[in-house]
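See structure below.
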Amino acid sequence: MARTFFRELSSLENEVILTGSHNVDGSLVAYKEFTKDVLSKVIRFVECGDYFNSKVAKVICANFRLKNSEMLNIWHASGHGSNDSAFRTYVSIYSSRLYDLFGKNFYEVVVTEDMQRLTHINNTLKALEIDDWCFDDIFIPLVSASVPRGTPLKVFKLEDCKAELQILKRLTKRYVNDLIDTLDVDKLAYLKHTFNKFTINSKKINKDKIELLEFFDLLDDNELSEISSINTIMSSILEYADKPPTSNITNNHAYVTMVYVIRILSNTMREKALKKFNPLDVKKAIDTCKDDINN
């Protein structure tokens with residue numbers, strides 16, 4: 001039988017794990033533990049046969065160490081018929097899929113202990129274990145809210161997305177949590193409390209909040225213009241906040257969203273509102289309702 005992933009895997013198990021050393025410039029050198037560990041993971045992965053979700057594949061994978069004649073006997077005994085050609089076809093198909101997964105030069109990567117490639121194989125196995133992770137699981141909520149929904153209009157190579165990837169790497173939940181863990185919790189609590197207080201309350205100016213707004217560049221002309229626009233809408237719709245929508249407000253969903261916008265800006269029910277609507281919904285509602293509310 002021609003070269004297959006199964007035959008190479010069996011050979012690697014004998015050389016790397018059972019023998020444990022190889023000849024380098026005339027001297028026996030022990031394989032690194034990392035090499036043995038990665039190879040052992042690949043063996044367990046292949047042997048279980050779950051990757052293919054096929055009864056035929058499970059028979060082949062579970063017996064990958066056997067000689068061709070021995071595997072054929074098991075093939076016949078398992079009720080798959082006596083067609084040896086079909087057996088060889090299946091072996092070739094599943095072997096090709098494993099080469100696609102772990103690399104055409106898998107054998108060379110292991111025996112030469114290519115650490116970069118072995119690390120990639122190890123990461124591939126880890127990724128297969130957490131296949132149900134999605135974009136929202138990895139990045140902070142604002143990232144998902146800022147990305148258009150639905151199928152993308154274009155397909156790119158990852159190498160063409162380097163700038164986006166570098167920014168996203170700093171916006172993962174894990175990265176942000178790790179950063180926050182380095183900060184003083186009491187100081188964070190104070191900053192949060194200061195941000196949540198009104199700028200002017202009982203004729204007293206919250207100077208710390210103004211300083212914070214300046215620090216985060218939230219008082220430039222564009223930001224102030226947007227705030228002014230929202231405040232105008234807010235005052236126009238405030239009277240409707242606890243009433244059903246009237247005839248001049250044509251979009252009920254937008255109306256409800258605008259009520260929540262008011263409450264967000266009024267610093268009440270903030271958490272509930274933010275959970276119910278993302279920033280794109282709010283902005284769309286503002287644009288939808290401007291004319292209706294001002295009429």
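Every heavy atom of this structure was used, including side-chain atoms; hydrogens, water molecules and symmetry mates were not. Positions are given from 1 along the sequence.
- The only member of Thr112, Leu12, Leu9 that meets side-chain contact (heavy atoms from CB on, under 4.5 Å) when paired with Tyr107 is Leu12.
- The distance from atom OG1 of Thr4 to atom CD1 of Ile93, rounded to the nearest 0.5 Å, is 13.5 Å.
- Note: Ser10 OG to Ile43 CD1 = 8.5 Å, rounded to the nearest 0.5 Å.
- Heavy-atom neighbours of Asn123 CG from other residues, nucleotides or ligands within 6.0 Å: above the threshold of 12.
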Check the pair Phe5, Val46 against side chain to side chain contact (heavy atoms under 4.5 Å, CB included), reporting the backbone distance first and the verdict last.
CA-CA 10 Å; Phe5 190 92; Val46 172; 4.0 Å; yes

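- Considering every non-hydrogen atom in both Arg3 and Glu8, the closest pair reads NE-OE2, 2.5 Å.
- Considering CD of Glu129 and NZ of Lys126, their distance stands at 9.0 Å, rounded to 0.5 Å.
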Please output the side-chain donor-acceptor pairs of residues 173-182 that fall under 3.5 Å, not counting sequence neighbours, one pair per line with the distance.
| residue | atom | partner | partner atom | Å |
| --- | --- | --- | --- | --- |
| Lys173 | NZ | Asp136 | O | 3.0 |
| Asn177 | ND2 | Lys173 | O | 3.0 |
| Thr182 | OG1 | Leu179 | O | 2.5 |

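- Taking both residues in full, the closest heavy atoms of Phe139 and Val143 are given as CB-CB, 4.0 Å, listed atom of the first, atom of the second, then distance.
- The hydrophobic clustering, which links ILVMFWY residues whose side-chain heavy atoms are closer than 4.5 Å, places Phe156 and Leu158 apart.
- To the nearest 0.5 Å, the span separating CG on Asn122 from OG1 on Thr35 amounts to 11.0 Å.
- How far OG of Ser96 is from NZ of Lys104: 5.5 Å, rounded to the nearest 0.5 Å.
- Of all heavy-atom pairs between Met115 and Lys32, the closest is CE-CD, 3.9 Å.
- Under the 3.5 Å distance criterion, the side-chain polar atoms of Lys209 are matched with a main-chain donor or acceptor of Lys197.
- Under 4.0 Å is where a charged nitrogen must lie from a carboxylate oxygen, and between Glu47 and Arg65 at least one such pair does.
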Applying side chain to side chain contact (heavy atoms under 4.5 Å, CB included) to Thr172 and Lys169, what does each step give before you reach the verdict?
CA-CA 6 Å; Thr172 64; Lys169 194 170 184 178; 5.6 Å; no

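- Phe52 has its side chain out of reach of Ile60: every pair of non-hydrogen atoms, C-beta onward, lies at least 4.5 Å apart.
- The main-chain N or O of Lys187 is found under 3.5 Å from a side-chain atom of Asp184 such that the two form a donor-acceptor pair.
- Leu72 and Phe87 get closest at one heavy-atom pair: CD2-CD2, 3.2 Å.
- No option in Phe64, Phe106, Phe6 other than Phe6 meets the side-chain contact (heavy atoms from CB on, under 4.5 Å) test with Leu98.
- Taken together through direct or relayed side-chain contacts under 4.5 Å among Ile, Leu, Val, Met, Phe, Trp and Tyr, Tyr31 and Leu28 form parts of separate hydrophobic clusters.
- Checked against ring pair (Phe, Tyr, Trp, His ring centres under 6.0 Å), Phe45 has the following partners two or more places apart in sequence or in another chain: Tyr51, Phe102.
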Can Leu128 and Leu101 be said to form a side chain to side chain contact (heavy atoms under 4.5 Å, CB included), step by step?
CA-CA 11 Å; Leu128 291 171; Leu101 183 62; 4.1 Å; yes

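- No more than 12 heavy atoms of other residues, nucleotides or ligands shown are found within 6.0 angstrom of NZ on Lys67.
- In the hydrophobic clustering of this structure, Leu212 does not group with Val185; members are Ile, Leu, Val, Met, Phe, Trp, Tyr whose side-chain heavy atoms approach within less than 4.5 Å, directly or through other members.
- For Ser54 and Tyr90, the side-chain atoms include no donor-acceptor pair closer than 3.5 Å.
- A salt bridge links Lys58 with Asp50: the distance from a Lys NZ or Arg NE/NH1/NH2 to an Asp or Glu carboxylate oxygen falls below 4.0 Å.
- Under a 3.5 Å cut-off, the side chain of Asp137 and the backbone N or O of Cys134 do form a donor-acceptor pair.
- Criterion: ILVMFWY side-chain heavy atoms under 4.5 Å apart, direct or through other members. Under it, Phe135 and Leu165 are not part of a common hydrophobic cluster.
- A distance-only check finds a donor-acceptor pair linking the side chain of Asn63 to the backbone of Val59 [under 3.5 Å].
- Between Lys36 and Glu33 a salt bridge is recorded (basic side-chain N to carboxylate O distance below 4.0 Å).
- Here the straight-line distance linking atom NE2 of His120 with atom CG of Leu125 works out to 10.0 Å at 0.5 Å rounding.
- Side-chain atoms of Ser11 never come within 3.5 Å of backbone atoms of Arg7 as a donor-acceptor pair (strictly under, hydrogens ignored).
- Around CD of Glu211, the count of heavy atoms belonging to other residues, nucleotides or ligands within 6.0 Å does not exceed 12.
- Residue Ser40 comes nearest to Ile17 through the heavy atom pair OG-CD1, 3.3 Å, listed as atom of the first residue, atom of the second, then distance.
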